[in-house]
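These notes concern the structure reproduced below.
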Amino acid sequence: MINKTNYNIMSTKTPWWIRVPVLFFLIFGLMEYFIDSGDKLAIIEYPITQFFLLLVLMILIAIELILASIENIMFQTLTEEGKERYLEAKSKKFEWTWAKNLMAKLTKSRSIEREGEIVLDHNYDGIRELDNVLPPWWVYLFYATIVFAVVYLVRFHIIGEYDQKLEYEQEVAAAQLAIEEYKRTAKDLVDASTVEFLSDDSDLAAGEKIFQANCVACHMADGGGGIGPNLTDKYWILGGGIKNIFTTISEGGRDGKGMIAWKQTLKPVEMAQVASYVMTLGGTTPANPKEAEGEIWVDPNAPEETNGTESETEETAPEEMEQAVDSTNVAMN
């Protein structure tokens, strides 16, 4: 009874070189699942986890060594007959029975011993032919292609649901929308053609910080102008508006006497932020404003204002005519 129990305990179906990696990666996966490390792996974001996994690996190896020692001690307690049975069972190779059965069903191949049942009478210089059946997996796949062909024929050639051109246009349109959405959220991809005024307080605060760090030497802290022009009035040398201001910051001012190009120093998002902040200076009152330079800039994309004088004339003309008619009627009466 003892020998049988020892034999059952010592016989294991899974070898150590499978158990250790499986348990190790299972613990690694649980660690990555429960530790919030953002977009990075926890093992990269938190280096301490590397020491944890090393400790886990050492513990797993130690457990295997302890189990091997226990197995050796228990083996010594077996009788000679038990030892023989144990060694015989251990020498048997593990076989995936279900996989072999599945392969036999999918191929229906005959073993070498049974090839005589399907051999044909043909004999070519000692070479004989076997009458093997088509593998079931191949037959099923062939049937699946027939069903697919029928569905494809009805859908695209009879009903005419859509064609390759329409599918291409739909995918291009979807990709264009995805690109536009990405550009809208990825501020570092902004350029002079796509830049827009940033109205968020965080962007304007960042733009003010950049302005105070880089621009006050020429434009003063309040934008009134010094070496550089006044940024609070309606006059612009190279054009106003977010796109022109962004371009001036990026490419620099006039050759020989304008400011330097900041595109090598500031990121696109930073230039958009400071350009947005500069626009907020318009209409403010600086302490010592510099005389206007350049020309008054009018946004060409701004909606045209309706002519109030013409509207008022059109509205008051009927009233004056009515008054004149009333006066005439009074005089005649």
Side-chain angles (χ1 to χ4, degrees), residues 25 28-46 137 140-211 214 236 238-252 260-280 282 297-304:
F25 284 107
F28 173 74
L30 292 174
M31 181 192 72
E32 291 290 345
Y33 178 78
F34 286 106
I35 297 179
D36 185 9
S37 57
D39 297 334
K40 296 183 180 179
L41 293 175
I43 193 173
I44 298 176
E45 186 70 15
Y46 305 107
W137 68 266
Y140 298 149
L141 184 61
F142 180 70
Y143 291 154
T145 59
I146 295 176
V147 173
F148 175 82
V150 172
V151 173
Y152 186 90
L153 176 67
V154 173
R155 185 177 179 184
F156 296 104
H157 293 278
I158 297 178
I159 299 178
E161 183 173 348
Y162 63 90
D163 54 16
Q164 291 182 345
K165 181 180 179 181
L166 178 60
E167 183 179 10
Y168 170 77
E169 292 175 350
Q170 291 175 344
E171 292 183 356
V172 169
Q176 191 64 33
L177 291 175
I179 292 173
E180 295 298 330
E181 178 64 19
Y182 178 73
K183 286 183 177 180
R184 188 179 66 82
T185 56
K187 296 181 180 179
D188 279 333
L189 294 181
V190 70
D191 56 22
S193 61
T194 60
V195 65
E196 294 182 359
F197 176 76
L198 304 177
S199 58
D200 292 343
D201 293 339
S202 59
D203 290 322
L204 294 177
E208 181 180 8
K209 184 177 180 181
I210 297 170
F211 184 88
N214 301 282
W236 294 89
L238 297 176
I242 187 65
K243 297 184 183 300
N244 289 324
I245 298 175
F246 181 93
T247 302
T248 304
I249 297 172
S250 174
E251 305 300 327
I260 63 171
W262 288 93
K263 60 184 178 181
Q264 303 297 335
T265 306
L266 299 178
K267 297 179 180 178
V269 63
E270 293 175 332
M271 291 188 291
Q273 289 170 339
V274 71
S276 299
Y277 173 72
V278 168
M279 290 191 64
T280 64
W297 184 81
V298 179
D299 188 356
N301 298 321
E304 296 182 0

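The first residue in the sequence is number 1, and the count goes up from there.
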With the side chain counted from C-beta on, respond yes when P268 and D191 share a heavy-atom pair under 4.5 Å apart, and no when they do not. no

Working to the nearest 0.5 angstrom, can you tell me the gap between I249 CD1 and I260 CD1? 12.0 Å

Heavy-atom side-chain contact between E270 and V274 under 4.5 Å: no

Is D200 reaching over with its side chain to a backbone N or O of S202, donor-acceptor style, under 3.5 angstrom? no

Can you tell me if D36 has over 12 outside heavy atoms packed within less than 6.0 Å of its CG? no

Compare every heavy atom of G241 with every heavy atom of M279, then report the nearest pair and how far apart it is. SD-C, 4.1 Å

Measure the spacing between CG of L204 and CZ of F197 and express it to the nearest 0.5 Å. 5.0 Å

Approximate separation, where rounding is to 0.5 Å, of F246 CZ and E251 CD: 9.0 Å

Applying salt bridge (Lys or Arg N to Asp or Glu O under 4.0 Å) as the test, list every pair that has at least one member in residues 161-181; sequence neighbours left out. R155-E161, E181-R184

d(Y46 OH, I35 CD1) to nearest 0.5 Å is 8.0 Å

For I242 against A272, the heavy-atom pair lying closest together: CD1-O, 4.4 Å

For F156, is the CZ atom crowded, meaning more than 12 foreign heavy atoms sit under 6.0 Å from it? yes

From W297 CH2 over to N244 CG, what is the distance, rounded to the nearest 0.5 angstrom? 6.0 Å

Rounded to the nearest 0.5 angstrom, the OH-CH2 distance for Y140 and W137 is 13.0 Å

If you define the side chain from C-beta out and look only at heavy atoms, does anything of V154 sit under 4.5 Å from I159? yes

Identify the heavy atoms of L198 and Q273 that sit nearest to each other, and give their distance. CD1-CG, 3.9 Å

Does E32 reach the main-chain N or O of S37 with its side chain, forming a donor-acceptor pair under 3.5 Å? no

